[in-house]
Asker: 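Structure incoming, see below.
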Protein chains: 2
Amino acid sequence: MARPGVPSKPGAASDASEGTRQALVGAAIEVLRTGGFHAASARRIADQAGCNQGLVFYHFGTVANLLLAALDAVSADRFERYSAAVAQAPSPAGLTDVAAAIFEEDLDSGHAKVLVELIAGSSAVPGLGAEVAARIEGWTDFAEGAISGSVDPVLLAATAPATEIAYGIVAMYLGLEMLSHLDGDRAKALALFGRARQLVALAGAMGILPDVKGDDPR
Amino acid sequence: MARPGVPSKPGAASDASEGTRQALVGAAIEVLRTGGFHAASARRIADQAGCNQGLVFYHFGTVANLLLAALDAVSADRFERYSAAVAQAPSPAGLTDVAAAIFEEDLDSGHAKVLVELIAGSSAVPGLGAEVAARIEGWTDFAEGAISGSVDPVLLAATAPATEIAYGIVAMYLGLEMLSHLDGDRAKALALFGRARQLVALAGAMGILPDVKGDDPR
DNA sequence: GTCTATACTTGGATAGAC
DNA sequence: GTCTATCCAAGTATAGAC
């Protein structure tokens, strides 16, 4: 957002600064989304933000730092959305539905691609991998919480701990995102969510899992 | 295989050419493995191969073409390995063991990373995505064949078609590869294979899956 | 077939004017 | 805080000498 004629008022200086920062973060998300890690250069991002290339380095020091800020921004956004959705569907069946809906949302909005591109691109910049890994941990923790909050502890003990399941869920999410983007077809991935839903219902009928819509047994 | 410079002399002379080609393909694999898509430039690959940068363009036209040749090379290699392993363990339980063993092999050898980097990097080069997608299809087809060859058709009909399961397996494989490389810890991924093995055994005991079909080797 | 040299482009990062 | 100008490194690709 170029503001050629806007003078910086005394005291409102941090407003303009914050505005530019946010514009850059938003632009970084957009570029990662559409062009991937490779396209996410300071010049392209600044173009997208409508500001100068040097501002990337002024505000973030390096391009990698800006990309991490972008990841944090989408993560915060999605975390709110996920939390609200999970809170309203604390049963295994409900969770499966929520997972499917959110997966499709992320596919549309491109939020998942930002994550995948940053993970794969981590090899490019020394130190980036560790930063990204720390942020992924937030998601596995979240998934773990959702699982242990909705699945009977006895069942978990009999099959697999929530930690392991959460790790698998996150991996599956990333893999499906990659494949869906690659062949531009989300139907196959969504079909899998449908199957999962079906199997959860089957398990419910067999008495292994709590019945659909049932309250949290605990 | 449209080569830019087809040797003008019939007969010999293609030995040296073929040697260089193979050196470049091997070097491309190595660079993708260790440095990712970002590092896979003509210069770095040629350095690794011990030859001149211009040869990349002489033999392959573009860097992207060389990377695809590298993907084909590792795919051919792994396809042989997978086929042999699957042939010796056609039961669901055996398949799970084979999958775990091969996943670890791929993690060590870096073959899986070559695939992941190319998928994620596809956004960088127009047209690359379609080429990579076509090659992934070979793997989903392979997985589908292995599944329908070892799981009871009746059970498949009751749960999910082999095509869908195969898609999910490939997605999971890619996701686990990404996460394992990211935090440099393969234990979590391998633990999941252990759980899968356990669940297959449980299903066998419940009579849902064949109890190690008559295949048991030796 | 292979190498050297080179043209052209893009990207990261800094300095200094406004 | 923001912009222009600039430096330097790295990349793709081609031409032409050996």
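Letters A, B, ... mirror the listed sequences (proteins, then strands); counts begin at 1. Below, all heavy atoms of this structure are taken into account, side chains as well, without hydrogens, waters or symmetry copies.
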Asker: Which pairs would a plain distance check flag for residues 68-75 of chain A, meaning a side-chain donor or acceptor within less than 3.5 Å of a matching protein atom at least two apart in sequence or in another chain?
Answerer:
from    : atom 1 : to       : atom 2 : distance (Å)
A:Asp72 : OD1    : A:Arg135 : NE     : 2.7
A:Asp72 : OD2    : A:Arg135 : NE     : 3.4
A:Asp72 : OD2    : A:Arg135 : NH2    : 3.1
A:Ser75 : OG     : A:Leu71  : O      : 2.9

Asker: Which atom pairs, donor and acceptor, lie under 3.5 Å between side-chain atoms of residues 117-130 of chain B and protein residues at least two apart or in another chain?
Answerer:
from     : atom 1 : to       : atom 2 : distance (Å)
B:Glu117 : OE1    : B:Phe37  : N      : 2.9
B:Glu117 : OE2    : A:Ser123 : OG     : 3.4
B:Ser122 : OG     : B:Leu118 : O      : 2.8
B:Ser122 : OG     : B:Ile119 : O      : 3.3
B:Ser123 : OG     : A:Lys113 : NZ     : 3.0
B:Ser123 : OG     : A:Glu117 : OE2    : 3.4

Asker: Kindly write out the residues that satisfy side chain to side chain contact (heavy atoms under 4.5 Å, CB included) with A:Ala166, not counting sequence neighbours, or none if the list is empty.
Answerer: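 Residues passing side chain to side chain contact (heavy atoms under 4.5 Å, CB included) with A:Ala166: A:Ala143, A:Glu144, A:Ile147.
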
Asker: Report for the helix from C:dG1-D:dC18 to C:dC18-D:dG1: angle between first-end and last-end helix axes, five pairs each, rounded to 10 degrees.
Answerer: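 Computed angle between terminal axes is 0°.
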
Asker: Taking side chain to side chain donor-acceptor pair (under 3.5 Å) as the definition, give me every residue that meets it alongside A:Thr62, ordered by chain and number, with sequence neighbours left out.
Answerer: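 Counting only residues at least two positions away or on another chain, A:Thr62 forms a side chain to side chain donor-acceptor pair (under 3.5 Å) with A:Asn65.
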
Asker: Under the rule for salt bridge (Lys or Arg N to Asp or Glu O under 4.0 Å), what residues qualify as partners of A:Arg78, not counting sequence neighbours?
Answerer: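 Partners of A:Arg78 under the salt bridge (Lys or Arg N to Asp or Glu O under 4.0 Å) test: A:Glu105, A:Asp106.
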
Asker: State which residues pass side chain to side chain donor-acceptor pair (under 3.5 Å) with A:Thr159; sequence neighbours excluded, sorted by chain then number.
Answerer: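 Expected list: none.
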
Asker: Report the residues that fulfil side chain to side chain donor-acceptor pair (under 3.5 Å) with A:Asp97, sequence neighbours left out, ordered by chain and then residue number.
Answerer: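 Here the qualifying residues are A:Arg197.
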
Asker: Take atom CD1 of B:Ile45 and atom C1' of D:dA13, then tell me their distance rounded to the nearest Å.
Answerer: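 In whole Å, D:dA13 C1' and B:Ile45 CD1 are 15 Å from each other.
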
Asker: With the sugar-phosphate defined as primed atoms, P, OP1 and OP2, and the base as all remaining atoms, what B/S/- string results for nucleotides 2-18 of chain C, 5' to 3', for protein heavy atoms under 4.0 Å?
Answerer: SSB------BBBB----

Asker: With a 4.5 Å cut-off on side-chain heavy atoms, are B:Pro161 and A:Arg195 touching?
Answerer: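 Counting from C-beta outward, A:Arg195 and B:Pro161 do come under 4.5 Å.
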
